[in-house]
2 protein chains.
Amino acid sequence: MTKNTRQRIVDAAMELFWLKGYSSTSIADILSRSQVNSGSLYHFFPGKQDVLVAVLEAYRDGIGPMLLEPAWGGVDDPLEKVFALLARYRRSIVDTECQYGCPIGSLALELHEPDPAVRELLAANFTAWVDAVEACFREAAYRFEPGTDLRALAELTLNVMEGGVMQARTYRDVACFDRAVAQLRRMIEAMLVRDLAE
Amino acid sequence: MTKNTRQRIVDAAMELFWLKGYSSTSIADILSRSQVNSGSLYHFFPGKQDVLVAVLEAYRDGIGPMLLEPAWGGVDDPLEKVFALLARYRRSIVDTECQYGCPIGSLALELHEPDPAVRELLAANFTAWVDAVEACFREAAYRFEPGTDLRALAELTLNVMEGGVMQARTYRDVACFDRAVAQLRRMIEAMLVRDLAE
DNA sequence: GTCTATAAAAGGATAGAC
DNA sequence: GTCTATCCTTTTATAGAC
């Protein structure tokens, strides 16, 4: 049984926006990849931007099942969960021969005057990511020096990931990403309580 | 005396690519802003992408006079030069009501299959930036713990800046950038030799 | 909900006179 | 080097039958 039309459109658009970006993806691209006709797409969505909104909602709703859970399979240590998540990005970079871009980060920089709905969904995606990383740090809170700002550390993790992905893509070299993660790891280890640090 | 035509085109394109991105800027946009006619543009440039190349060359060649020197006016301490550079980005964020995007970083994520010439120019811009920051750290090398990887630290500085700009833009809140810089400063201070640390 | 056909505009690029 | 006019393609979106 083939999935419903609306879902096929969102799936196709999600992949195309990731591969080519938003403005370089035409409605015709979406139609041909999803095997849907123009009339059907405009039946479900008023316009291209509304497809983008649906895509961003799908990313936000899928962050657990599509990103975190696959990354965390078999990993129990909360700090290592953070690095397992980063390792998943590394895998994406390698699998795409260093052409990978974080879909949310790329859209956040590509769209220069986004609708409020779009911008808020971009922010919601970042927030969900940072929340998840912060939750890992909190699970390991007792290992950090008292008073450590774990929210700020989670935000820094996102920033380092986004920067590392950007550099790896630009230099076509995953080592850029690796160095970024290594710096982050060194920093985090320096923030741990001495006796408990490995 | 009005500047020569080619320069007017590059100036207009530089601003438009920054404001709207590459694909959202049309040739017509460039023509109307630069007050140049179609025939003249295509006299100097084979096509739109060649204008982009010229813009990226202008950024690369202007990083000293246009970015570093203004940022460093009156700042002598090499470590504070790094933070003065970051403060300049902060100013841009505030001045644009948090719509600022690093022109190079934005293009690096917007362009999904860039020509080799374009990609190499993006990389050259990042390299020039990291080189400059690394040079600051090297000037202050004696203050760091021996063996500190100053190149990696300069790369991290770029990553944190790019991540901070991305978040500030997405959340429309310069505090995102401030927190990123604060984390970086704390990290750098932790890497300094104790007796010399302020 | 889906189909085909097509409108209406915008886009990159070119021609050829001056 | 610069000008106007215009070609050709792509793009978003709509119309209207089924």
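In what follows, chains are A, B, ... by sequence order, proteins preceding strands, each numbered from 1.
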Inset, instruction - On DNA chain D, reading 5' to 3', which nucleotide is the first and which the last to sit with an atom under 4.0 Å from a heavy atom of chain A, could you check? - result: D:dT11 to D:dT14

Inset, instruction - Check whether any side-chain heavy atom of A:Asn37 sits under 4.5 Å from a side-chain heavy atom of A:Leu31, and report yes or no. - result: no

Inset, instruction - For residues A:Met187 and B:Gln183, report the shortest heavy-atom separation together with the two atoms involved. - result: CE-O, 3.8 Å

Legend entry - Side-chain donor or acceptor of A:Ser23 paired with backbone N/O of B:Ser24 under 3.5 Å: no

Inset, instruction - Pull out every residue in residues 26-43 of chain B that has a heavy atom closer than 4.0 Å to any atom of DNA chain C, ordered by number, or say none. - result: B:Ser26, B:Ile27, B:Ser38, B:Tyr42

Inset, instruction - Assign A:Ser23 to base, sugar-phosphate, or nothing according to its heavy-atom contacts below 4.0 angstrom with the strands shown. - result: nothing

Inset, instruction - Check whether any side-chain N or O of A:Thr157 sits under 3.5 Å from a backbone N or O of A:Leu153 as a donor-acceptor pair, and report yes or no. - result: yes

Legend entry - Under 3.5 Å side-chain donor-acceptor pair for B:Asp29 and B:Ser26: yes

Inset, instruction - Give the ring-plane orientation class for A:Tyr171 versus B:Phe126, where under 30° counts as parallel, over 60° as perpendicular and anything between as tilted. - result: tilted

Legend entry - Audit row: A:Arg6, A:Asp11, salt bridge (Lys or Arg N to Asp or Glu O under 4.0 Å) steps and yes/no: CA-CA 9 Å; A:Arg6 196 194 129 99; A:Asp11 289 348; over 6 Å; no

Inset, instruction - Using atom types as modelled and distance alone, determine if a side-chain donor or acceptor of A:Arg169 lies under 3.5 Å from a backbone N or O of A:Gln99. - result: yes

Inset, instruction - Run through A:Lys20, A:Arg33, A:Arg8 and flag the one making a salt bridge (charged side-chain N to carboxylate O under 4.0 Å, His left out) with A:Glu15. - result: A:Arg33

Inset, instruction - Decide yes or no for B:Leu85 and B:Leu67: does some side-chain heavy atom of the first lie under 4.5 Å from some side-chain heavy atom of the second? - result: yes

Protein-nucleotides 7-9 of chain C N/O pairs under 3.5 Å:
none

Legend entry - Comparing B:Arg6 and A:Lys48 on DNA chain D - which has the more 5′ nearest nucleotide: B:Arg6

